[in-house]
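Report on one structure; see the data block that follows.
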Amino acid sequence: MGNTTHSDTLNRPAPKRWYRQLYFWVLIAIVAGIFVGWLTPSTGEAMQPIGTTFVEAMRMLIGPIVFLTIVGGIASVADLKKVGATGLKALGYFQIGTICAMLLGLVAINIFRLGDGVNADASQIETTGKAAELIEKGENQQWWEFLTHIIPGSMASPFVEGDILQIIFMAVVFGIALNAVGKIGAPILDMVQRLTAIVFKVLNFIMKAAPLGAFGAMAFAVGKYGVETLSSLGWLILLFYGTSIVFVIVFLGGIMAFLGLNIFKMFRHFKEELLLILGTSTAEPALPGLMKKLEHAGVKKETVGLVVPTGYSFNLDGAAIYLSLAAVYIAQATNTELTIGQQLGMLAVMLLTSKGAAGVAGGGFIALTATLSTLGTIPAAGIMLIFGIDKFMSECRALVNFCGNAVATLFIAWWDKSLDIERVRRVFNGEDVPPLDSAGADAPEAADAIAPLASHGAATTKETLVGAAAR
């Protein structure tokens, strides 16, 4: 790690004051959005374009960031076998985490049985509007479709449609090919690294509008749905939040403790990203910040580039809790008896159907409908019973998914024996840790792009920038 010289200290910019930090203004924007939506619902609903525009601007960059990061990471490693081993470890971990999350949701809803007494008649439930569209999609989706869907119809379609699974597939194939051709591909790899720096500079510009995006999204959500929506299914929402908290603190916290790290300090380190997710109800805008902060903490760039984007499609712990809890609630509400064996069989189907809806708008409902349609025992129309409160669950799902992927990346890096635990601990403690040469920016532009997303201890010295430019 090396010691910081007196010259480094003089050249390093002073940390921003708290009132100039991005997370502070995002928090202010969230609170303002809640008050606007609560006090003047019509005005809150009118704020929707502000929130959706910011989220769309962020999503515009997700595809290029995922593609360039994976390609650059795979093409730069000396041994491709290590990349394959890391990928297999990640997929194995993702499945175990998903199973544990689903089992916890299953246990919670079987203990509290909130659906008992609803006595909903499935034949009388009308499916209308957006819910009807999602139900139709889910009913027509087969459990194996996510396997065939991975291969895109053209090189451009995944980026146009924002299909992360297909982008990951293309990036892995391209990165392996670029690595295999050796010196011939060196100019292409250099171009990938330069494009990465440019994309992150664009990200830097867009992130300055994060408070506006959080304000618009929160004002719209509160203004449109209001607190009265919580009255009928409030206990179900509380159960989902409580189950999610238990999963994060006990399961993910246990993994962090095993690594010798503190999950609460991890929350503090990622406070900007967590607040952004809370404001926008989606984890996608926080993906670039997660990747850069993990790199700064000492996780190798190739590990971050492979595990984080893949986790965004395959490691959805919050969605897993929601799926098992919601499915059994619908069964209870419609008086559909399920044995323990049937419930475990349902989880097996969910492991596949949930992957098929990854990155798709309304993906949770599509996966839930696909599961119920595949089983045939629980009426798919029953999702109308919980459609109205889905918005109040989306923030929690996204937050749990984000935390799950952060912990997963740290664990996989430890499993690969490439994690500097002491450095991670110092970064999470908020210490002033200089950037790693190997994990730092490839150009001054990339380093500048990291600044608003990294913690205050990630300031870059002039010497590091000069060295990065020379490389």
Side-chain angles (χ1 to χ4, degrees), residues 51-76 83 87 90 146 148-178 188-189 191-207 209-210 213 273 276-277 280-295 301-316 319 355-363 366 398 401-402 405 409 442 445-446 449-450 453:
T52 54
T53 300
F54 172 76
V55 172
E56 289 303 316
M58 290 295 296
R59 284 176 175 168
M60 170 185 71
L61 296 177
I62 297 301
I65 286 173
V66 169
F67 182 81
L68 293 170
T69 305
I70 293 179
V71 170
I74 293 177
S76 300
V83 176
F146 86 97
T148 57
H149 180 71
I150 289 176
I151 302 176
S154 70
M155 294 286 286
S157 61
F159 295 95
V160 174
E161 298 169 7
D163 194 313
I164 298 299
L165 280 175
Q166 293 182 351
I167 292 173
I168 291 172
F169 173 80
M170 288 175 53
V172 169
V173 173
F174 194 86
I176 291 173
L178 188 58
I188 303 298
L189 177 57
M191 183 179 69
V192 167
Q193 293 170 341
R194 292 175 183 272
L195 282 174
T196 303
I198 294 171
V199 170
F200 273 101
K201 173 58 75 172
V202 176
L203 172 68
N204 185 11
F205 297 151
I206 295 176
M207 282 300 295
E273 287 73 22
L276 187 61
I277 293 170
T280 59
S281 300
T282 175
E284 289 179 348
L287 183 146
L290 173 63
M291 296 174 72
K292 282 302 172 185
K293 284 190 173 182
L294 286 172
E295 285 180 27
K301 189 172 184 178
E302 55 266 28
T303 302
V304 172
L306 186 62
V307 177
V308 174
T310 308
Y312 261 61
S313 291
F314 287 93
N315 189 38
L316 307 176
K355 306 300 185 294
V360 179
I366 294 174
N401 292 344
F402 178 89
N405 283 309
T409 308
D442 295 299
E445 291 84 1
I450 296 171
L453 299 173

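Because the structure is a prediction, the values reported are computed rather than measured. This chain uses plain numbering: 1 for the first residue, then up along the sequence.
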**Request:** Quick one: closest heavy-atom pair of Thr280 and Pro285, and the distance?
**Result:** OG1-CG, 4.1 Å

**Step-by-step side-chain contact (heavy atoms from CB on, under 4.5 Å) determination, Asn204 to Lys201** = CA-CA 5 Å; Asn204 185 11; Lys201 173 58 75 172; 3.9 Å; yes

**Message:** Within the 4.5 Å heavy-atom criterion, are Pro288 and Met207 side-chain neighbours or not?
**Reply:** no

**Taking every non-hydrogen atom, the tightest pair across Ser157 and Pro152** = OG-CB, 4.0 Å

**Asked** Is Tyr312 reaching over with its side chain to a backbone N or O of Asn405, donor-acceptor style, under 3.5 angstrom?
**Response** no

**Request:** Run the numbers on Met291 and Phe200 for side-chain contact (heavy atoms from CB on, under 4.5 Å), then give the verdict.
**Result:** CA-CA 11 Å; Met291 296 174 72; Phe200 273 101; 5.6 Å; no

**Request:** Kindly write out the residues that satisfy side-chain hydrogen bond (donor to acceptor under 3.5 Å, both in side chains) with Asn401, not counting sequence neighbours, or none if the list is empty.
**Result:** none

**Nearest-0.5 Å distance, NZ of residue Lys301 to NZ of residue Lys292** = 5.0 Å

**Item:** Value rounded to 0.5 Å, distance of CD1 in Ile65 from CD in Glu284
**Value:** 11.5 Å

**Request:** Show your working on side-chain contact (heavy atoms from CB on, under 4.5 Å) between Val304 and Thr409 and close with a plain yes or no.
**Result:** CA-CA 7 Å; Val304 172; Thr409 308; 4.3 Å; yes

**Request:** For the pair Phe67 and Phe174, name the ring-plane relationship: parallel under 30°, tilted 30 to 60°, perpendicular over 60°.
**Result:** tilted

**Minimum-distance pair of heavy atoms, taken over all atoms of Gly311 and Leu316** = O-CD2, 4.0 Å

**Message:** Contact between Leu287 and Phe402 at the side-chain level, heavy atoms closer than 4.5 Å - yes or no?
**Reply:** no

**Request:** Among Leu68, Ile70, Thr69, find the residue that satisfies the side chain to side chain contact (heavy atoms under 4.5 Å, CB included) test when tested with Val192.
**Result:** Leu68

**Request:** State the CD1-CZ distance between Ile150 and Phe169, to the nearest 0.5 angstrom.
**Result:** 8.0 Å

**Message:** Working note: Leu203 + Met58, criterion side-chain contact (heavy atoms from CB on, under 4.5 Å); need CA distance, chi angles, decisive distance, verdict.
**Reply:** CA-CA 8 Å; Leu203 172 68; Met58 290 295 296; 3.5 Å; yes

**Fill in**
Taking every heavy atom of Ala90 against every heavy atom of Val307, the minimum-distance pair comes out as CB-CG2, 4.2 Å

**Asked** Are any non-hydrogen side-chain atoms of Thr196 and Pro64 less than 4.5 angstrom apart?
**Response** no

**Request:** Of all the heavy-atom pairs spanning Met170 and Ser154, show the shortest one and how long it is.
**Result:** SD-O, 4.5 Å

**Request:** State the NZ-CD distance between Lys293 and Glu273, to the nearest 0.5 angstrom.
**Result:** 4.0 Å

**Message:** So which atom in Gly175 and which in Ile74 form the shortest heavy-atom distance, rounded to 0.1 Å?
**Reply:** C-CG2, 3.5 Å

